Amino acid sequence: HESAIIKFKDQDGKEVSLYTEEFHKRSAEVKYSRIMRLGEGFLSDVQEKSSAMIGDADPKRNQIGVVLSIISQTGLRVGTKASKGETGNEGITTLSAGSITVKGDEISLDFIGKSNKRNIAFIKDKKLAQAVSQLVEGKAISDPVFDVNDSDIINTLRGDFGYPEDVKTK
């Protein structure tokens with residue numbers, strides 16, 4: 001099947017679609033081929049360029065650098081404000097201060113993400129830890145850490161990093 005095999009509305013009125021296992025497999029293959037086309041240097045390139053953005057005088061560029069660095073080191077999802085609003089689940093751009101702990105040069109993340117999956121990650125990176133520490137400083141545990149969104153991230157990958165238009169954040 002190329003489309004949903006069943007569609008219905010859940011108890012909150014949200015439309016839900018279910019797909020066959022074959023559909024999910026084909027979808028995963030398309031995503032994988034898209035990433036492979038970017039080449040072996042893609043991840044290290046993102047890590048290098050995002051690290052260079054950390055500490056930028058422009059607060060938005062600094063935050064984009066932090067987000068991309070976290071994503072490139074953990075493989076966690078970017079997240080969207082719409083999804084956080086609908087489900088309360090987080091991604092990197094929508095993390096609350098209570099989801100991040102910084103101790104010295106180590107960062108730990110612990111949050112509920114897409115499909116109510118618990119995400120736990122640890123990063124050891126002095127520059128990134130200092131930047132994250134500054135971003136969470138003085139914030140309540142429910143306050144958002146970042147003031148950037150998924151569009152900012154994808155626009156940076158396409159514009160500043162020069163990646164193709166079909167690079168997606170989902």
Side-chain angles (χ1 to χ4, degrees), residues 10-16 31 34-35 38 41-163 165-170:
D10 67 12
Q11 67 270 15
D12 298 323
K14 181 180 171 188
E15 190 169 296
V16 177
K31 288 178 185 179
R34 186 182 303 130
I35 293 298
L38 294 174
F42 171 73
L43 189 57
S44 60
D45 189 42
V46 170
Q47 289 172 343
E48 182 180 320
K49 289 178 179 180
S50 62
S51 181
M53 293 173 72
I54 296 172
D56 195 285
D58 177 351
K60 187 171 186 175
R61 283 187 58 79
N62 175 58
Q63 289 186 35
I64 291 169
V66 169
V67 167
L68 283 170
S69 186
I70 292 171
I71 291 170
S72 69
Q73 292 188 56
T74 64
L76 293 170
R77 298 176 66 86
V78 69
T80 66
K81 289 182 180 180
S83 184
K84 171 118 185 201
E86 288 175 19
T87 65
N89 298 349
E90 297 178 316
I92 300 304
T93 60
T94 58
L95 285 174
S96 57
S99 298
I100 302 176
T101 304
V102 180
K103 290 182 182 171
D105 62 353
E106 295 182 356
I107 304 162
S108 56
L109 307 171
D110 188 350
F111 62 95
I112 303 300
K114 185 175 180 177
S115 301
N116 293 312
K117 180 182 175 197
R118 185 174 183 197
N119 292 273
I120 299 173
F122 302 96
I123 305 167
K124 187 169 183 168
D125 180 324
K126 184 177 182 177
K127 182 178 183 180
L128 181 60
Q130 289 172 338
V132 170
S133 185
Q134 290 172 353
L135 289 168
V136 298
E137 187 176 330
K139 293 191 174 176
I141 61 170
S142 61
D143 288 345
V145 175
F146 302 106
D147 190 26
V148 295
N149 59 46
D150 57 324
S151 296
D152 297 323
I153 302 306
I154 198 65
N155 290 338
T156 299
L157 287 171
R158 290 178 179 162
D160 296 354
F161 291 22
Y163 291 109
E165 287 294 313
D166 66 348
V167 170
K168 299 179 181 181
T169 60
K170 298 179 182 174

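Source: prediction; values computed, not measured.
- Thr74 and Ala121 get closest at one heavy-atom pair: CG2-CB, 3.8 Å.
- Once rounded to the nearest 0.5 Å, the distance linking CG of Leu68 with CD1 of Ile153 reads 4.5 Å.
- Using a distance-only test at 3.5 Å, with no hydrogens or angles considered, a donor-acceptor pair links the side chain of Asn62 to the main chain of Gly55.
- Minimum interatomic distance between Arg61 and Asp160 (heavy atoms only, all atoms of both residues): NH1-OD2, 2.6 Å.
- Closest non-hydrogen pair, Ala131 versus Val66, comes out as CB-CG2, 3.7 Å.
- Remark: Ile71 engages Val67, Val78, Ile92 in a side-chain contact (heavy atoms from CB on, under 4.5 Å) (not counting sequence neighbours).
- For the atom pair Ser44 OG and Lys49 NZ, the distance stands at 10.0 Å (nearest 0.5 Å).
- Expressed to the nearest 0.5 Å, how far NZ of Lys114 lies from CG of Leu76 amounts to 13.5 Å.
- The environment of CD in Glu86 is crowded: more than 12 heavy-atom neighbours from other residues, nucleotides or ligands sit within 6.0 Å.
- Note: Ser133 OG to Ile107 CD1 = 9.0 Å, rounded to the nearest 0.5 Å.
- Thr101 places none of its side-chain heavy atoms less than 4.5 Å from the side chain of Asp110.
- The side-chain heavy atoms of Lys127 and Ser51, taken from C-beta on, include a pair separated by under 4.5 Å.
- Nearest heavy atom pair, residue Asn149 against residue Lys81, reads CB-CE, 4.3 Å.
- Asn155 places no side-chain N or O within 3.5 Å of a backbone atom of Asp152 that could act as its donor or acceptor partner.
- In this structure, Phe146 CZ and Ile64 CD1 are separated by 11.0 Å, a value rounded to the nearest 0.5 Å.
- Looking at Thr94, its side chain does come within 3.5 Å of a backbone N or O of Gly91 through a donor-acceptor pair.
- In summary, of the residues considered (Val132, Leu128, Asp105), a side chain to side chain contact (heavy atoms under 4.5 Å, CB included) with Ile123 occurs for Leu128 alone.
- Without hydrogens or angle criteria, Gln47 side chain to Ser72 main chain gives a donor-acceptor distance under 3.5 Å.
- Remark: side-chain polar atoms of Thr87 are not paired, donor with acceptor, to backbone N or O of Lys84 under 3.5 angstrom.
- Here the side chain of Lys139 pairs a donor or acceptor atom with the backbone of Pro144 at under 3.5 angstrom.
- Listed for the Asp56 side chain is no donor-acceptor partner under 3.5 Å among the backbone atoms of Met53.
- Across every non-hydrogen atom of Thr93 and Gly79, the tightest pair is OG1-O, 3.1 Å.
- Contact between Val102 and Ala129 at its shortest, heavy atoms only, is CG1-O, 3.7 Å.
- Note on Lys60 versus Asp147: no salt bridge recorded, every NZ/NE/NH1/NH2 to OD/OE distance being 4.0 Å or above.
- The backbone N or O of Ser50 lies less than 3.5 Å from no partner atom in the side chain of Ser69, so there is not a single donor-acceptor pair.
- Looking at heavy atoms from C-beta onward, Glu90 lies in side-chain contact with Leu95 at the 4.5 angstrom threshold.
- Shown here is Ile141, whose CD1 atom has no more than 12 heavy atoms of other residues, nucleotides or ligands within 6.0 Å.
- Asp143 contributes atom CG, which lies 8.5 Å from atom OG of Ser96 (distance to the nearest 0.5 angstrom).
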